Amino acid sequence: MSSVAVLTQESFAEHRSGLKDVEITGSVPEDEAYIPTYLEAFPPLPDKGTPGEKTGEPAGAWSKIRPIKASVITQVFHVPLEERRYKDNSQFGEGEEAKVCLDIMQKTGAHIELSLAKDQGLSIMVTGKLDSVMKARKEIVARLQTQASAIVLIPKEHHRFVIGKNGEKLQELELKTATKIAIPRSDDPNANIRITGTKEGIEKARHEIQLISAEQDKRAVERLSFEKAFHPFIAGAYNRLVQELSQETGARISIPPPSIPKDEIVITGEKEAVAMAIACIRAIYEEKKRKTTTISVEVKKSQHKYIVGPKGNTLQEILENTGVSVEMPPLDSASETIILRGEPDKLGPALTQVYAKAKSVIVVEVIAPAWLHRFIIGKKGQNISRITQQLPKVHIEFTDGEERISLEGPTEEVEQAQAQIQEIIKDLMARMDYAEINVDQRFHRHLIGKNGANINRIKEQYKVSVRIPQDSERCGLVRIEGDPQGVQLARKELMDMAQRMENERTKDLIIEQRFHRTIIGQKGEKIKEVRDKFPEVIIIFPDQQQKSDIVQLRGPKNEVEKCAKFLQKLIAELVESSFSISVPIHKQFHKNIIGKGGANIKKAKEELISDGYGTEPEHGSSSHHQMNQNRSTLPSWVKRRLYGLPRKSWRPSLKIWYARRESKTFEFVFL
């Protein structure tokens, strides 16, 4: 049995008192030699609060226990359409993006889910352990997002702080920003650090590197917190104001990009330069805070991307033209509220520009029958390619199974594209038609024919397109599209084929394989006569290697029955006109019977024919009587061969030897 020792407060005190007399020797630090009390070693749990009492922080030693963090985390981020490496949405979930994600999941162990946003951007959710998620995100950005590069210049002596011990700091920074950071070697005089990645990632990495450099800079470093909403006024349109300020003062000013939710602005440089920069930034901040006001407007979420513009350029344009900052809700937010911040007299023009940008792109729907869509697109997309080359800003989208075509882009270009597509539809409707027929799925492969022979002939002959559903679709609907007259002719032929197949019957005849060659005849002459007599019946003989007796007949029911009766009569005659006798001979003497090069066998055939076995005697004739009589006796040539052998090597009993008289061929089987 196992025993459990229970340590009580009294026993612990007794144990502790016993330890007091023990002399501690050696250089043991005072804090290690200290022996805690029972209450210190085993602090009691906090008392349960009374009902209605607010629970504060845990009391006593339990407050020192650190909370356990979740081992699995989830990160969601967005890849805008203009930064997507693969933009073919026709194969979304099956194309290159899916393959890349599968490869990344196998490499990192993280789980990745892709979804397509309304703006055609990618929403990516990565789940897994922190390390796996960070690695997966870096891989995703590198392989699914278009890459840009930027140069960051910091003092050469600060590079080692960016790299960190054993490169850990650099790896952490690359994972955190999903970028690739190239730092020149220590013996390289070049001090430029190159960052490769997405625009957002580059901004984050540049900001972090500048912060690291600022920390190590022996010059002054100041950190100022200003409301995030006023950062655009400090930075200016396209960051021109902050760049001018840096040039004037000589200080380096780092403003976090809009994607980083930080209020802190870091200023580094000479003390005087830093002081001048701080004064200018404070002046701008105080002035804008005093003079500006805000208005809120509601704009459809689908139009937000037109206000933001590619890489945020439209927002910078509005700020430059009006001095008003436009604050957009996050992409993953359902909010449609846009806030304009600026001086009262400038808010009106800015609002006008916002609405103009929102309406600068329109969405129009053109109605066309779904079956006509692929003809509108054209062979290999040539019709749509011609339109999009002329009007590159127009996005045309076809939806499977729906009769609408969506056009999106600038108003004038969309109207031109709409007119061109409607003209194509009008032309196609005037010269094209379609028909649908229901055909049992069992007959689809017969409609197609061997290697598509039947269906390709119909397509070529009638200039139509025929769609026969896959077996997996479990659908019997066959669709014919093309020239109206060709559609009707193709429809009639396909229906006739289907009707014939519905009346078709398959019958199996049991015919011994030994008769197959006789029925087929030399070079297939005899079976050709049968097929000519019954042209609508397909006669299929099994392969000789299959050793099967089943001969299959397929065709119209009445013709199959007639052909079957004919073949059965033919077989009956063959059976009647053939006989066999068997002679058991020891195996070592088979060669004597066969002869060199089959000479004896050939001689046997000639002798049998001369004896009357090679002709077709009529029933009741002397030849027929002689044949029946000879069945009980051995042919003379066999007797002669056997008499030349030891008597004990043969017995005059029948085994297997039969002759086909009609074909004048004989078969001998030696056992």
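Model, not experiment: these values are computed from the prediction. Side chains included, hydrogens not; waters and symmetry mates left out as well; all remaining heavy atoms used.
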Val354 and its side-chain contact (heavy atoms from CB on, under 4.5 Å) partner, picked from Thr314, Thr322, Val324, Ile318: Ile318
Any side-chain donor-acceptor pair under 3.5 Å between [X] and [Y]?
| X | Y | result |
| --- | --- | --- |
| Thr127 | His111 | no |
| Arg137 | Gln75 | yes |
| Ser335 | Ser333 | no |
| Tyr355 | Lys359 | no |

With a cut-off of 6.0 Å (strictly less than), are more than 12 heavy atoms of other residues, nucleotides or ligands near [atom1] of [X]?
| X | atom1 | value |
| --- | --- | --- |
| Lys311 | NZ | no |
| Gln390 | CD | yes |
| Lys176 | NZ | no |
| Glu272 | CD | no |
| Lys180 | NZ | no |

Would you call [X]-[Y] a salt bridge at under 4.0 Å N-O?
| X | Y | answer |
| --- | --- | --- |
| Lys262 | Glu264 | no |
| Lys129 | Asp131 | no |
| Glu286 | Arg282 | no |
| Lys204 | Glu200 | yes |

[atom1] of [X] to [atom2] of [Y]: how many Å apart, nearest 0.5 Å?
| X | Y | atom1 | atom2 | result |
| --- | --- | --- | --- | --- |
| Glu327 | Lys228 | CD | NZ | 11.0 Å |
| Leu315 | Ile338 | CG | CD1 | 9.0 Å |
| His231 | Asp263 | NE2 | CG | 5.5 Å |

Lys NZ or Arg CZ of Arg341 over Phe230 ring: under 6.0 Å, within 45°: yes
Full working for side-chain contact (heavy atoms from CB on, under 4.5 Å) between Lys138 and Lys135: CA-CA 5 Å; Lys138 181 182 176 183; Lys135 288 180 180 177; 5.8 Å; no
